[in-house]
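The structure under discussion appears below in the form of structure tokens.
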Amino acid sequence: MKNKERRSANISLFIMFIGIFAAVFPFALNVGLDDGWGIFVAFAGAFIAVTGFFIFLMYNGRAKVRAKMFNNENILAHWQYSKEFWDQVTKEDIKDSGLGKVFGFFFGGLFAVIGIIVFFFNTDDNGVFLFIMLGAAVFFVIIGFLAASVEKKRAANSLPEVIIAQDGLFYKNILHTWNAKAISRLESVSMHPAEPNTLLFVTRQLKGGGLNRVHYPPVPLSIPIPPGQEQSALSVINYFNMPLASVPWEEIQKDD
């Protein structure tokens, strides 16, 4: 299986080098410095380079976690689900993927309505504004359809399994990691209080930035426990709730 996280890391690294080139180019060839556009290109390139670097660090860490999973390293549990159960999970995910279209039409319609109302207040001067707003409306609708299509494809092609490792888990073809505390960290692992035979992982994910306050809201993730894997699930809970994360997994299994 291809490591998609590594591909994303390589793409962000490539973007970083493009940013570095754009930042250095005006000064190296003394182009555009007098009229200012060269300075703008240099600053934009520097911004792209820094952003690409931090995105590379994020995906590089995720790629390492996924590579360990593929090599069966640090695996705590690897559960397979029945076809009947997974068909139901996939069916629900495909149904939920339609939310992307709903949001796309909502924001698209909102921009279109605003543009039309402003245009009719002054049809002579607001033609360009209407054109921009209609363009934004079409953009949001297209994004909504693309998001729904990607989510539907992911759900349809997801593997009927979950891999739980020491620093992340792979479920529904999505990698969840908590190996970088500045970006995400594991808050708790327990039995779900409202759903029977289900593990509840709660992570803290980095949110905000810019004008918003940077914070780490909790993100719950429910993992169904297949029949016969109840003892394995308790071992996973015990591992993540040990005071010292360095306790060997084999020792925890013996204690169970």
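This one's a predicted model, so the numbers in the text were calculated from it and none came from an experiment.
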Could you give the distance from [atom1] ([X]) to [atom2] ([Y]), rounded to the nearest 0.5 Å?
X: Asn10; Y: Asn60; atom1: CG; atom2: CG; answer: 8.5 Å
X: Ser184; Y: Asp167; atom1: OG; atom2: CG; answer: 10.0 Å
X: Phe85; Y: Asp87; atom1: CZ; atom2: CG; answer: 11.0 Å
X: Leu199; Y: Ser190; atom1: CG; atom2: OG; answer: 8.0 Å
X: Ser8; Y: Ile55; atom1: OG; atom2: CD1; answer: 10.0 Å

* To do: Just grab all the salt bridge (Lys or Arg N to Asp or Glu O under 4.0 Å) pairs involving residues 186-197, residues at least two apart or on different chains.
  =>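 Those involving residues 186-197 are Glu187-Arg204.
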
* What pairs meet the salt bridge (Lys or Arg N to Asp or Glu O under 4.0 Å) rule with one or both residues in residues 39-50, with sequence neighbours excluded? ->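 Residue pairs with at least one partner in residues 39-50: there are none.
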
Which atom pair, heavy atoms only, marks the closest approach of [X] to [Y]?
X: Leu200; Y: Ser222; result: CD1-OG, 4.2 Å
X: Ser12; Y: Ala9; result: OG-O, 2.7 Å
X: Ala22; Y: Gly45; result: CB-CA, 3.8 Å
X: Gln229; Y: Trp79; result: OE1-NE1, 3.4 Å
X: Leu175; Y: Arg62; result: O-NH2, 2.8 Å

Would you check if [X] and [Y] make a side-chain contact, meaning some heavy-atom pair closer than 4.5 Å?
X: Thr203; Y: Arg185; result: no
X: Lys68; Y: Ile75; result: no
X: Met191; Y: Thr198; result: no
X: Ile48; Y: Ile18; result: no
X: Leu159; Y: Lys172; result: no
X: Gln80; Y: Val162; result: no

* Has Phe47 got more than 12 heavy atoms of other residues, nucleotides or ligands less than 6.0 Å from its CZ? ->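 It does not: Phe47 CZ has 12 such atoms or fewer within range.
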
* Asked: Taking only residues two or more places apart in sequence or in another chain, which ones pass ring pair (Phe, Tyr, Trp, His ring centres under 6.0 Å) with Trp178?
  ->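 Per chain and number, Trp178 pairs via ring pair (Phe, Tyr, Trp, His ring centres under 6.0 Å) with Phe201, Phe240.
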
* Does the ring centre of Tyr171 sit less than 6.0 Å away from the ring centre of Trp86? ->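 Ring-ring flag for Trp86/Tyr171: true, centres closer than 6.0 Å.
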
* Are Leu221 and Ile225 connected in a single hydrophobic cluster, I mean Ile/Leu/Val/Met/Phe/Trp/Tyr linked by side-chain heavy atoms less than 4.5 Å apart? ->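 Yes; Leu221 is reachable from Ile225 via cluster members.
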
* Asked: Is it true that Leu76 and Val189 fall in one hydrophobic cluster, defined by side-chain heavy atoms closer than 4.5 Å?
  ->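 The answer is yes; both residues are in one hydrophobic cluster.
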
* Other ILVMFWY residues reachable from Phe53 by side-chain steps of under 4.5 Å ->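 Cluster partners of Phe53: Leu13, Met16, Phe17, Ile20, Val24, Val50, Phe54, Phe56, Leu57.
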
* Residues that Ala23 engages under side-chain contact (heavy atoms from CB on, under 4.5 Å), provided they are two or more places apart ->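 Testing Ala23 for side-chain contact (heavy atoms from CB on, under 4.5 Å), a comparison that skips the adjacent residues, returns Ala46.
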
* Given Ile163, Val236, Ile223, the one that forms side chain to side chain contact (heavy atoms under 4.5 Å, CB included) with Leu169 ->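 With Leu169 as partner, Ile163, Val236, Ile223 yield a single side chain to side chain contact (heavy atoms under 4.5 Å, CB included), made by Ile223.
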
* To do: Run the numbers on Val202 and Val219 for side-chain contact (heavy atoms from CB on, under 4.5 Å), then give the verdict.
  => CA-CA 6 Å; Val202 179; Val219 179; over 6 Å; no

* **Set of residues satisfying salt bridge (charged side-chain N to carboxylate O under 4.0 Å, His left out) with respect to Glu230, sequence neighbours excluded** =>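 Glu230: no salt bridge (charged side-chain N to carboxylate O under 4.0 Å, His left out) contacts found.
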
* Asked: Hey, is the main chain of Ile11 close enough, under 3.5 Å, to the side chain of Tyr59 for a donor-acceptor pair?
  ->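 Here the side-chain-to-backbone pair does not exist.
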
